[in-house]
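In what follows, chains carry the letters A, B, and so on, assigned in the order in which the sequence lines appear, proteins first and then strands, with residues in each chain numbered from 1. Predicted model, so just to flag it, every value in this text is computed and none were measured.
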Amino acid sequence: MSRFYVTTAIPYVNAKPHIGFALELVQADVIARYQQIKLGEDNVYFLTGADENSLKNVQAAEKEGKSTSNYVAEMSDRFRTLTKILNISNNDFICTTEQRHIKGAVKLWQTCNPEDIYKKFYSGLYCVGCEQYYTQEELVEGKCPEHKTKLELVTEENYFFKLSNYQRKLEELIDSDQLQIIPQSRKNEMLAFIRDGLEDFSISRSRQRARGWGVPVPGDDSQVMYVWFDALSNYLNALDFYIEGELYKKFWVGESYKLHVIGKGITRFHCIYWPAMLLSAGLPLPNKIFVHGYVTVDGQKISKSLGNTVDPFELVNKYGAEAVRYYLLREIPAYDDGDFSEQKFLQRYESDLANSLGNTFSRVTNMIERFGQGKFNQAENINAYTSGTAKAIEYHLRNFQFDKALLAVFNLLAEIDVEIDQTKPWVMARTGQIADIQLLLDKWGTMLLDVAWYLKPFMPETAIKMEKFLRQNKITKSQPLFPRLNN
RNA sequence: CGCGGGGUGGAGAAGUGGCAUCUCGCCUGGCUCAUAACCAGGAGAUCGCGGGUUCAAGUCCCGCCCCCGCAACCA
């Protein structure tokens, strides 16, 4: 593996970004930064973006009394700003109303095996209020669960994709991990879904039902693409798929490891529909799909009606990007839902960032100033004291267990604290054991440089701050890295 | 009988037959280099419930209760 392509999902922009998408950005960013260090920045491409074509966006714009195009541009910008304030290292941010995307989506449609796309009448129970079809099971007393109105039986001719052609192939790819799905529980879920029998799915809507918003089907202006068909192709389109540009050659068809980071709600689209579309078009598949859970707030699902949404902008303003990144990575488990609460956040901040990391850094730099004349000698062997940590991080990141990787780093800080307590340099100073103290300072200084190095993908600003400080000619006691919050 | 995952001190988790572990919080003591930080010790768990196998069960088997995903054209 010499090149690495990592993507987040592109959220539809019918509302402000919430803490859940911040989680996905931060997780993908750690992977991207880790690979940037390993492979070099030129060999990593990190994409995120926004889905502007969803019908939900049209409905949201209407509610706000704005034109759809103005509305989505404005909302996409907020998502773009979120990547900035969280210090996300993405190379690109794609919006699905851009020409490169539209042309790419059309090209993918045209590249699919023509036998896989066919026209068929679809009829279903349609709610005018929701502008969507419901299945019989979703109804409440035979009525729309949202509007409690009776549904109309609507029939429409759409294009369909012959997913059934790929049932066996998909099962084999997923079962054998050629298309690896992490965690295992999601993989099992997808295999069960496939084995249950795949039905063809519709990949277009009438222009009228789509309100004229979306990517027109090539050669048929009466239809626009089903939003998922065009949305998924963003992963190709950002690489200039429509002209098969350099990036496309380098990061999709070339020898490149391709990873999608997604939330659990869209597993099927990424693990089944998307690979099937690529198979039909004869294009390479992604290697790996990591499915994370959702962020709950105070133990409850995020919901607008409950009013418990957490605004990542406010959080970053108040506590800084580094602390928010740390919380999301450390507190939210890799494979399940995790909880956000202000109380837990403050607790993490105090115990991990202020006490463990910040305080240990302060006490060591202070001792270097006091007992070592502001100097320490870095060990010549890389990872002289921490080789196990590097391996642990590598292992945990391969499985996206960011919490465990961080725990491995923080264990080093505990090691330093214990050794300081055992050796008591301030006592040694009284008995004039200056040379012995220096050896300890050399070790601890080296270990803190290692900690900084390991933290780079997780908390890049903090890592740089620590490094700069430790590489001064004459080290003085540092200002707190993470000051206490109250009093 | 749709498919799958889970229930372990106050919270979150680890633990595939052999002394119940880790992180946070709580209590006590110690230390004074440090951001009231740090170190040591401690309290706190009938391992969802009932039965079974075994010298030995959180772990294996059977039954029950509860929670959470998925269950196809909203994204």
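A:Asp196 places its CG atom 11 Å from the C1' atom of B:C70, with the value rounded to the nearest Å. Atom C1' of nucleotide B:G6 and atom NZ of A:Lys264 are separated by 13 Å, given to the nearest angstrom. Straight-line distance from the NE2 atom of A:His270 to the C1' atom of B:C70: 17 Å, rounded to whole Å. If you measure from atom CG of A:Leu406 to atom P of B:A13, you get 17 Å, rounded to the nearest angstrom. B:C73 atom P lies 7 Å from atom OH of A:Tyr273, rounded to whole Å. Computed from coordinates, the A:Ile416 CD1 to B:A37 P distance equals 19 Å when rounded to whole Å. Rounded to whole Å, atom C1' of B:C70 lies 13 Å from atom CZ of A:Phe269. A:Leu440 places its CG atom 16 Å from the P atom of B:C33, with the value rounded to the nearest Å.
The side chain of A:Ala192 lies closest to B:C3, out of B:C3, B:A75, B:A36. Here the nucleotide nearest the side chain of A:Arg430, chosen from B:C73, B:U32, B:C39, is B:U32. For A:Asp51, the side-chain atoms get nearest to B:A75 when compared with the rest of B:C70, B:A75, B:A34. Closest approach to the A:Val418 side chain among B:C33, B:C39, B:A13 is made by B:C39 (side chain taken as heavy atoms from C-beta onward). Counting only heavy atoms from C-beta on, A:Tyr122 has its side chain closest to B:C73 among B:A75, B:C73, B:A34. Among the nucleotides B:C73, B:U35, B:A34, the one closest to any side-chain atom of A:Asn366 is B:A34. With distances taken from any side-chain atom of A:Tyr226 to the nucleotides B:A75, B:U35, B:G69, the minimum falls on B:A75. For A:Ile420, the side-chain atoms get nearest to B:C33 when compared with the rest of B:A75, B:A34, B:C33. Considering only the side chain of A:Arg484, B:A37 comes nearest among B:C74, B:A75, B:A37. In the set B:U35, B:A75, B:C39, the nucleotide with an atom closest to the side chain of A:Asp417 is B:C39.
The aromatic rings of A:Tyr319 and A:Phe345 sit tilted relative to each other, their planes meeting at an angle between 30° and 60°. Classification of the A:Tyr235-A:His270 ring pair by plane angle, with boundaries at 30° and 60°, yields tilted.
Both A:Ser185 and A:Glu199 lie close to RNA chain B; mapped to their nearest nucleotides by heavy-atom distance, the more 5′-ward contact belongs to A:Ser185. Residue A:Glu331 is the one, among A:Pro480 and A:Glu331, whose nearest nucleotide of RNA chain B lies closer to the 5' end (criterion: closest heavy atom).
In this structure, B:C38 forms a base pair with B:G30, meeting either the Watson-Crick or the G-U wobble geometry with both donor-acceptor distances under 3.5 Å. Using N1 to N3 plus N6-O4 or O6-N4 for Watson-Crick, or N1-O2 and O6-N3 for G-U wobble, each under 3.5 Å, B:G12 pairs with B:C22. Pair assignment for B:U54: none, as no Watson-Crick or G-U wobble contacts are both less than 3.5 Å. B:G69 is paired with B:C3 under the criterion used here, namely a Watson-Crick or G-U wobble arrangement in which both key atom distances are under 3.5 Å.
A:Arg186 comes within 4.0 angstrom of sugar-phosphate atoms only, judged by non-hydrogen atoms across all strands, and of no base. Among the protein residues, A:Leu407 comes within range of no part of the nucleic acid, since none of its heavy atoms lies under 4.0 Å from any strand. When heavy atoms are screened at a 4.0 angstrom cut-off, A:Ile203 is found touching no nucleic acid atom at all. Within 4.0 Å of A:Ser362, counting heavy atoms only, lies at least one base atom of the nucleic acid. Counting non-hydrogen atoms under 4.0 angstrom, A:Val364 reaches nothing in the nucleic acid. The residue A:Phe361 sits apart from the nucleic acid: no heavy atom pair falls under 4.0 Å. Residue A:Gly265 is in base contact, counting any heavy-atom pair closer than 4.0 Å across all strands shown.
Nucleotides B:G58 and B:U21, compared at atom P, are 13 Å apart to the nearest Å. Nucleotides B:G9 and B:G4, compared at atom P, are 27 Å apart to the nearest Å. Comparing the P positions of B:C70 and B:U8 gives an interatomic distance of 22 Å, to the nearest angstrom. Atom C1' of B:C1 sits at a distance of 32 Å from the matching atom of B:U54, rounded to the whole Å. Nucleotides B:G41 and B:U23, compared at atom P, are 11 Å apart to the nearest Å. Here the separation of B:C26 from B:G15, taken at their P atoms, is 28 Å to the nearest Å. Taking atom P in both B:G25 and B:A11, the straight-line distance is 16 Å, to the nearest Å. Spacing between B:C22 and B:C39 at atom P, rounded to whole Å, works out to 15 Å.
The shortest side-chain heavy-atom distance between A:Phe361 and A:Met466 falls under the 4.5 Å cut-off. A 4.5 Å side-chain heavy-atom check between A:Phe402 and A:Arg330 finds every atom pair outside the cut-off.
No hydrogens or angles considered: a donor-acceptor pair under 3.5 Å links the side chains of A:Asp442 and A:Gln438. Between A:Thr296 and A:Asp337, the side chains place no donor N or O within less than 3.5 Å of an acceptor N or O (distance only, hydrogens not considered). Between the side chains of A:Glu156 and A:Asn158, at least one donor N or O lies within less than 3.5 Å of an accepting N or O. Of the N and O atoms on the side chains of A:Glu322 and A:Tyr327, not one donor lies less than 3.5 Å from an acceptor on the other residue.
Cation-pi geometry between A:Lys120 and A:Phe160 is met: under 6.0 angstrom from the ring centre, within 45 degrees of the axis.
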Quick one: which protein N/O atoms are closer than 3.5 Å to N/O atoms of nucleotides 24-31 of chain B? Pair and distance per line, please.
| unit_1 | atom_1 | unit_2 | atom_2 | d |
| --- | --- | --- | --- | --- |
| B:C24 | O2' | A:Gln347 | NE2 | 2.3 |

Checklist entry - After noting the C-alpha distance and the side-chain angles of A:Lys391 and A:Glu394, does the key distance pass the salt bridge (Lys or Arg N to Asp or Glu O under 4.0 Å) rule? => result CA-CA 5 Å; A:Lys391 281 180 199 138; A:Glu394 167 86 34; over 6 Å; no

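Distances shorter than 4.0 Å separate none of the side-chain N or O atoms of A:Arg205 from OP1 or OP2 on B:C73.
Aromatic rings of A:Phe376 and A:Trp444 (six-membered ring for Trp) have centroids beyond the 6.0 Å cut-off, not under it.
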